[in-house]
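Quick note on labels: first sequence line is chain A, next is B, and so on, each numbered from 1. All figures in this text were calculated on a predicted structure; none of them were measured in a lab.
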Number of protein chains: 2
Amino acid sequence: MVKIMATADRKEREKEQRKNAIIDAAEKLFFSRGFDNVSMEELAKEVELGKGTLYLYFKNKDALFFAIILRKMDELHEIFRECADLKVSGREKSKLMGKRYFEFVHENKEYYQMVCTNGPKLFRKLENEELHTFVEHMKEDLLLHHGVFREGMADGTVRDDIDPLELAFFMALMSNSIVCLDPGWKTVLEAEGISYHQFVKDFLLFIGNAIEKRPDAD
Amino acid sequence: MVKIMATADRKEREKEQRKNAIIDAAEKLFFSRGFDNVSMEELAKEVELGKGTLYLYFKNKDALFFAIILRKMDELHEIFRECADLKVSGREKSKLMGKRYFEFVHENKEYYQMVCTNGPKLFRKLENEELHTFVEHMKEDLLLHHGVFREGMADGTVRDDIDPLELAFFMALMSNSIVCLDPGWKTVLEAEGISYHQFVKDFLLFIGNAIEKRPDAD
DNA sequence: TCCATAATATGACCATCAGTCATTATACGA
DNA sequence: TCGTATAATGACTGATGGTCATATTATGGA
């Protein structure tokens, strides 16, 4: 009987490993050639499995996309947590989190390419279980930022006339809009003589400026 | 000879009408059931044409999506132009444009639903001719806003320490990020006890506040 | 009026691909 | 060693975007 339990455990671990191997392969292929341009057949070949086997580990292709997202979200969350744990002012933490975030985006260009391209549609399909998991992950990050802003308000480095939670939302949305900037917009920027790099810098200044505590006025 | 030319003209007009009829039908179906859930076969049936015929008028399904977008962009642009032509301060124009924009979004819910869901992927596929057309349309709007901000800076109703063109970009991006707010985010908002309506209101206040001229400080 | 030609329309057909399932192979415990 | 449960498989299905050889229609001149 003990033996049975032990085997079950091992199988569980093996299953988890196999799952991760599949996600690894999916990342490799999706990142390099795009989610839509990789068939489940190809992916199966990459992990040396039959196509049908993939469906024993993931409900469908979207679930695979979703699994990649969650793994990256955890990775990023770890970075945010580190920043939040530092012993500096709220505003400093927030600044650092922004900096680390953009570094992370830079180090994961293909990932963000995939998310920006396919995310919007797939996220809108999420339901029940999956939506819930996703929402929980978003919440974790959001609450971290929320906490940082509250600290900032308490220590006087962040303006305190806005709900800190909403402020966290604003920041997330604005950051996201730069990261996922449409190529059309990029083209317009260039046509108007503004480099993307410059634009990002200015937008971040604008945002930073908008959340900092100001010398009192009316 | 004259007759030939006249016929050519008429044919040209008829072709244009047919094209518009197809776009009408496509809007109707795509808006109500989603871009992906409408097959070209169905669409053909709706306009009482053979499937192959559609491809005489539009290169592919994406081109149809794109045609819908352009038509709506023109509609919205007309509204913006009206606002820009009013005889009020720059800041007032900008405010009004924002108001009219959100009204427009409200009146075209299904359209924005479609754009937010399928736009990101399709816009990233655009190339050459199509990309150029799209960029030109975006530019038109952008320059209108740019002009309004410059007026605002000149008349002292808008802060003048930022490039007005970049400011126009910021506004466009931020507005867009609210309009296309991911359902996941909406769920998180709700879970945290913030209604979407309230959130939009606060974000707009935040933005407005960020572009208004401030009592001088360092 | 009638014909030749060009323009327009058509739907059977093709290729692709996500997802299924009946069948086969493997691992395990007795 | 054997019977059962678990895991793996790939042929198959259904849906669909896009093509193309063929058919239909409109046009302008004879």
Side-chain angles (χ1 to χ4, degrees), chain A residues 1-22 25-26 29-30 33-68 114 118 121-122 125-127 130, chain B residues 1-22 25-26 29-30 33-68 114 118 121-122 125-127 130:
Chain A
M1 272 304 139
V2 176
K3 195 175 177 186
I4 294 181
M5 298 290 276
T7 324
D9 274 6
R10 177 174 55 77
K11 288 217 169 175
E12 192 62 33
R13 278 201 312 280
E14 280 177 358
K15 188 152 189 163
E16 212 53 42
Q17 283 181 345
R18 180 64 63 93
K19 249 184 143 164
N20 262 298
I22 295 175
L29 294 186
F30 291 164
R33 301 194 3 247
F35 183 72
D36 294 320
N37 303 318
V38 177
S39 70
M40 290 300 268
E41 194 81 49
E42 280 177 285
L43 179 53
K45 195 158 282 175
E46 175 76 23
V47 279
E48 294 173 294
L49 287 175
K51 174 156 98 142
T53 312
L54 294 183
Y55 288 87
L56 294 178
Y57 294 91
F58 296 93
K59 191 167 100 264
N60 52 33
K61 202 182 178 187
D62 292 355
L64 215 39
F65 177 88
F66 192 54
I68 294 175
M114 183 189 79
N118 307 88
K121 175 146 84 193
L122 297 181
K125 279 209 261 174
L126 292 182
E127 276 188 327
E130 282 184 326
Chain B
M1 270 306 141
V2 175
K3 195 173 174 185
I4 295 179
M5 297 290 275
T7 323
D9 274 9
R10 177 174 54 79
K11 288 217 169 175
E12 192 62 35
R13 278 200 311 281
E14 281 177 358
K15 188 153 186 163
E16 212 53 42
Q17 283 181 344
R18 179 64 64 94
K19 250 184 141 162
N20 262 298
I22 296 174
L29 293 186
F30 291 164
R33 302 196 1 247
F35 183 72
D36 294 321
N37 303 318
V38 177
S39 70
M40 290 301 268
E41 195 81 50
E42 280 178 285
L43 179 52
K45 194 156 284 174
E46 176 76 22
V47 279
E48 295 172 291
L49 287 174
K51 174 156 96 142
T53 313
L54 293 183
Y55 288 87
L56 294 178
Y57 293 92
F58 297 93
K59 193 166 99 263
N60 52 34
K61 202 181 179 188
D62 293 355
L64 216 40
F65 177 88
F66 192 54
I68 294 176
M114 183 188 80
N118 307 87
K121 175 147 84 193
L122 297 181
K125 278 209 260 175
L126 292 183
E127 276 187 330
E130 282 185 326

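- Within the structure, a side-chain polar atom (N or O) of B:R18 is placed less than 4.0 Å from OP1 or OP2 of C:dA9.
- Rounded to an integer number of Å, the gap from A:N37 CG to C:dA15 P is 19 Å.
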Could you list, one pair per line, each protein nitrogen or oxygen that sits under 3.5 Å from a nitrogen or oxygen of nucleotides 11-14 of chain C, together with the distance?
unit_1	atom_1	unit_2	atom_2	d
C:dG11	N7	B:G52	N	3.4

> Please walk me through it: do A:L43 and A:K61 pass side-chain contact (heavy atoms from CB on, under 4.5 Å)?
Replying inline: CA-CA 10 Å; A:L43 179 53; A:K61 202 182 178 187; over 6 Å; no
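- The side chain to side chain donor-acceptor pair (under 3.5 Å) search around A:N60 returns none, not counting sequence neighbours.
- For A:E14 and D:dT6, the CD to P distance is 15 Å, given to the nearest whole Å.
- Going from atom CE of B:M40 over to atom P of D:dT19 covers 10 Å, rounded to whole Å.
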>> Working note: A:M114 + A:I68, criterion side-chain contact (heavy atoms from CB on, under 4.5 Å); need CA distance, chi angles, decisive distance, verdict.
In response: CA-CA 10 Å; A:M114 183 189 79; A:I68 294 175; 4.1 Å; yes
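- Applying the salt bridge (Lys or Arg N to Asp or Glu O under 4.0 Å) test to pairs two or more places apart or on separate chains, those with a residue in residues 43-53 of chain A are A:K28-A:E46.
- Between B:Y57 and the phosphate of C:dT8, there is no side-chain N or O to OP1/OP2 separation shorter than 4.0 Å.
- Listed nucleotides: D:dT19, D:dA7, C:dT20. Nearest to the side chain of A:Y55: C:dT20.
- Going from atom NZ of A:K15 over to atom C1' of C:dT26 covers 15 Å, rounded to whole Å.
- When the P atom of D:dG10 is taken as reference, atom CD of A:E42 falls 16 Å away, rounded to whole Å.
- Every side chain to side chain contact (heavy atoms under 4.5 Å, CB included) that B:K15 has, sequence neighbours left out, goes to B:Y57.
- The distance between atom NZ of B:K45 and atom C1' of C:dA9, rounded to the nearest whole Å, is 16 Å.
- A search for side chain to side chain donor-acceptor pair (under 3.5 Å) contacts involving B:E14 returns B:R10, not counting sequence neighbours.
- In this structure, CG of A:L43 is placed 13 Å from P of D:dT9, rounded to the nearest angstrom.
- Within 4.0 Å of A:F58, counting heavy atoms only, lies no atom of the nucleic acid at all.
- Partners of B:F30 under the ring pair (Phe, Tyr, Trp, His ring centres under 6.0 Å) rule, at least two apart in sequence or in another chain, are B:F35.
- The separation between B:D36 atom CG and C:dC17 atom P is 16 Å, rounded to whole Å.
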